[in-house]
Protein chains: 2
Amino acid sequence: MMLASKPSDAAPAAHDRVYRALRARIMHGEMSPGEALTLRGIGKEFGVSMTPARESVRRLVAEGALSLSSSGRVAAPELTNERIEELAALRALLEVELASRALPRAHMALIDRLQAINMTVAEMVSKRDAVGYIRTNLEFHRTLYLRAQAPAMLAIAETVWLQLGPTMRALYGRLRRTEPPQNHRLIIAALKAGDEPGLRLAVRSDVTHGLRLLAG
Amino acid sequence: MMLASKPSDAAPAAHDRVYRALRARIMHGEMSPGEALTLRGIGKEFGVSMTPARESVRRLVAEGALSLSSSGRVAAPELTNERIEELAALRALLEVELASRALPRAHMALIDRLQAINMTVAEMVSKRDAVGYIRTNLEFHRTLYLRAQAPAMLAIAETVWLQLGPTMRALYGRLRRTEPPQNHRLIIAALKAGDEPGLRLAVRSDVTHGLRLLAG
DNA sequence: TTTGGGCCATTGTGATCACAAAGGCCCGTA
DNA sequence: TACGGGCCTTTGTGATCACAATGGCCCAAA
């Protein structure tokens, strides 16, 4: 079905390309809560017909990244405070476990990578780049959790990030943070020390820190 | 778009009807791991065209209920032992939390309902009805977790059940169990006593009990 | 000025079709 | 009998179309 003139070009399916693009846009906070999408609009933007646009939208709806109005209109979800609290609790639950599983496998190379990413995070903070901050912050977490060797758990954590995406942008716009991510430093320190309780606490704090402000 | 001659008939969309039917079939273990599906076959079975069949299949693939072969063929997933262990760990993590949240709201009416469901579970066990057992067992858990008032967490737990569906059937066929669900009794007892540590332990045991056998 | 009704453009849904690739089957050959 | 090549059927993908319902907009009346 898919043709590949060269082994290098992966020739991704149209619906998958659209899905990935929309997913990144949502997860990184490039859509505001309530912002609407149309199938024909998506199709036109990506140069495809309605069919792949529909499939990608359906998939994102299934993952909770988009909300489906009663009459089938799709839009970025506007989360209630209850839902935000619940998603924050889920992040804490899942990511503490992921970090804990990654700890015994975290060698120096990983910690160096995390520190490098963390510098980029700090740079995004100083530049007041909300989208860049969200993206690099998630990259920090994902890099750590990949070491846990728990793909199903990581996938679920990512769908939680996806659901929080549109709200995160609003959140980080609200709180005027100029300080570099202190909790990330605690995470790195706990990793270095092999301190599991400290790591769990640091991850929990980092994950629930901002979200509590918005929801509470 | 959808017309309703009477307010009672919900006039469900075709893709949603197909999705729900396939989802129940998978979650309850009515499909064997590796069993294949075709879009045209689904369409013919439910009297719809390929379009709604494709949407429902795509959604189920997104939720991990079906696995997508390299060339787009869909089938019930054959899980590796590593993945089964991971999903069992996820069940433990999520369901212990859900049970813990349900505990303060669990009144006598709920406990009565759980006991009634548990009798049906025992009946299914004695009848050697694997599908019936899986269905009522999940109903037991869902009834409890609904009290947690945590819809996002419950939704994620259900997608984990969905991923385990095809393997559960094989599992409960393997272990020759005739005893009624002892762990369910422990759960009910802990609920009655308001014993949170006991409840967490009982749920964790119940959830990981069988799955450890298959994966280990 | 505000409100209500009706018309029209917009939008999602599902069916159908053309196409390419993958899988399976059969037959011939070693 | 076992192995391999070639053909044909099956199957997923994406485009297009007809249709119905929703939503918005404008104008008229109070």
Side-chain angles (χ1 to χ4, degrees), chain A residues 1-23 26 31 34-78, chain B residues 1-23 26 31 34-78:
Chain A
M1 185 265 136
M2 42 184 59
L3 78 125
S5 52
K6 277 183 285 187
S8 57
D9 66 75
H15 64 89
D16 210 55
R17 183 167 48 89
V18 176
Y19 166 76
R20 271 187 239 275
L22 291 179
R23 180 180 204 266
I26 295 167
M31 286 190 66
E35 189 178 335
L37 287 176
T38 67
L39 298 184
R40 287 172 176 86
I42 294 169
K44 175 170 278 188
E45 177 180 349
F46 291 94
V48 297
S49 81
M50 290 174 59
T51 312
R54 227 164 70 178
E55 288 190 27
S56 48
V57 162
R58 274 257 179 277
R59 179 164 175 191
L60 290 164
V61 168
E63 291 170 349
L66 293 174
S67 81
L68 198 57
S69 146
S70 59
S71 66
R73 309 302 229 265
V74 293
E78 310 190 58
Chain B
M1 185 266 137
M2 43 184 61
L3 79 125
S5 54
K6 275 183 286 187
S8 56
D9 67 75
H15 65 89
D16 210 55
R17 182 167 50 89
V18 176
Y19 166 75
R20 271 187 241 275
L22 291 179
R23 180 180 204 264
I26 296 167
M31 286 190 66
E35 189 178 335
L37 287 176
T38 67
L39 298 183
R40 288 173 175 85
I42 294 169
K44 176 172 275 189
E45 177 181 348
F46 292 94
V48 297
S49 82
M50 291 174 57
T51 314
R54 227 165 70 181
E55 288 190 29
S56 48
V57 163
R58 274 258 179 276
R59 179 164 175 190
L60 289 165
V61 169
E63 290 171 351
L66 292 174
S67 81
L68 199 56
S69 146
S70 60
S71 67
R73 310 299 229 267
V74 293
E78 309 192 59

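Hydrogens, waters and symmetry mates play no part in the numbers below; they use all other heavy atoms, side chains included. Numbers restart at 1 for each chain; the letters A, B, ... are given by sequence-line order, proteins then strands.
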Determine the contact category for A/L68: base if any of its heavy atoms lies under 4.0 Å from a base atom, sugar-phosphate if only primed atoms, P, OP1 or OP2 are that close, otherwise nothing.
nothing

Closest to the side chain of B/A14, out of C/dG14, D/dG14, D/dG23, is C/dG14

Closest of C/dG14, D/dT22, D/dG14 to the A/T51 side chain is D/dG14

Select one nucleotide: of D/dT13, C/dG12, C/dA22, the one nearest the side-chain heavy atoms of B/L39.
D/dT13

Any N/O donor-acceptor pair, B/R54 side-chain to D/dG14 base, under 3.5 Å
yes

Tell me which nucleotide among C/dG14, C/dT11, D/dG12 gets nearest to the side chain of B/T38.
D/dG12

Regarding B/I42, tell me which of base, sugar-phosphate or nothing describes its non-hydrogen contacts under 4.0 Å with the strands shown.
nothing

For a quick test of reading the model, state the closest non-hydrogen atom pair linking B/V48 to B/A14 and the distance between them.
CG1-CB, 3.9 Å

From CE of B/M50 across to C1' of D/dT13 the rounded distance in Å is 8 Å

Closest heavy-atom contact between B/S49 and B/P52?
O-CD, 3.2 Å

Between C/dT10 atom P and A/K44 atom NZ, what is the distance in whole Å?
10 Å

If you define the side chain from C-beta out and look only at heavy atoms, does anything of A/H15 sit under 4.5 Å from A/R59?
no

Atom-pair distance (CZ on A/R58; C1' on C/dG14), nearest Å:
11 Å

Hey, which of these two, B/V48 or B/R40, hits DNA chain C nearer its 5' end, going by closest nucleotide?
B/V48

Please give me the minimum heavy-atom distance between B/G34 and B/A75, naming the atom from each residue.
O-CB, 3.8 Å

Please give, in whole Å, the distance from D/dT13 C1' to A/H15 NE2?
7 Å

If each of A/R73 and B/V74 is mapped to the nucleotide of DNA chain D with the nearest heavy atom, which maps nearer the 5' terminus, i.e. the 5' end?
B/V74

Just N and O in the side chain of B/S49: are any of them under 4.0 Å from OP1 or OP2 of C/dA15?
yes

When rounded to whole Å, the CD to P distance for the pair A/E55 and C/dG14 reads 13 Å

Only one of A/L66, A/L68, A/V74 forms a side-chain contact (heavy atoms from CB on, under 4.5 Å) with A/L60, so which one is it?
A/L66

